[in-house]
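This report concerns only the one structure given below.
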Amino acid sequence: AVAEDIVLTLLEEIRGDAKDFREETRKNFGTVFHRLSVLEATMASLKADTATLLSTMPVVNERLDELEARLAAVEARLT
């Protein structure tokens with residue numbers, strides 16, 4: 001009877017520890033999944049921002065080319 005009580009006590013402790021472990025694991029996975037969601041949203045936003053920047057580059061390059069040509073013309077007149 002004493003041995004059965006010890007075994008029962010041990011089994012109850014193991015069950016309690018397993019329950020705590022499962023709860024902590026669920027919490028940790030919840031945190032990880034939340035962080036992944038935030039990262040995915042950030043990456044999507046960065047992708048959109050990068051696409052916008054890349055789409056404006058031809059216009060920026062054209063303006064720079066025009067400014068360089070005007071500067072060269074001014075320099076030519078000054079020399």
Side-chain angles (χ1 to χ4, degrees):
V2 173
E4 291 174 357
D5 290 343
I6 292 173
V7 170
L8 181 60
T9 302
L10 286 172
L11 289 173
E12 288 172 344
E13 289 177 7
I14 290 170
R15 182 178 59 192
D17 289 345
K19 180 181 175 186
D20 292 343
F21 176 78
R22 285 191 307 272
E23 288 175 5
E24 185 177 344
T25 301
R26 278 191 206 102
K27 179 183 160 196
N28 289 341
F29 272 112
T31 300
V32 168
F33 288 135
H34 172 73
R35 289 180 179 172
L36 283 174
S37 293
V38 170
L39 284 173
E40 286 175 342
T42 302
M43 293 296 290
S45 176
L46 288 172
K47 181 179 178 182
D49 293 345
T50 301
T52 301
L53 285 172
L54 290 175
S55 71
T56 63
M57 286 309 295
V59 174
V60 170
N61 284 333
E62 184 179 327
R63 288 182 182 166
L64 286 173
D65 290 342
E66 291 170 3
L67 288 172
E68 287 173 356
R70 289 174 62 191
L71 180 59
V74 169
E75 288 175 334
R77 281 185 280 176
L78 294 176
T79 56

For this session: Flag yes if more than 12 heavy atoms outside Glu23 fall under 6.0 Å of its CD atom; otherwise flag no.
Result: yes
Problem set entry | Side-chain heavy atoms of Leu78 within contact of Glu75, under 4.5 Å | no
Exercise. Hey, are the side chains of Leu11 and Val7 touching, using non-hydrogen atoms and a 4.5 Å cut-off?
Worked result: yes
Seminar exercise, completed: When rounded to the nearest 0.5 Å, the distance separating OG1 of Thr31 from NE2 of His34 is 8.0 Å
Exercise. In Å, rounded to the nearest 0.5 Å, how long is the span from CD of Glu13 to CG of Leu8?
Worked result: 10.5 Å
For this session: Report the distance from atom CG of Asp17 to atom CD of Glu12, rounding to the nearest 0.5 Å.
Result: 12.0 Å
Problem set entry | Beyond-backbone contact of Lys47 with Thr50, side-chain heavy atoms, under 4.5 angstrom | no
Problem set entry | Heavy-atom donor-acceptor pair, Thr42 side chain to Val38 backbone, under 3.5 Å | yes
Exercise. How many angstroms lie between CD in Glu40 and CG in Leu36, if you round to the nearest 0.5 Å?
Worked result: 6.0 Å
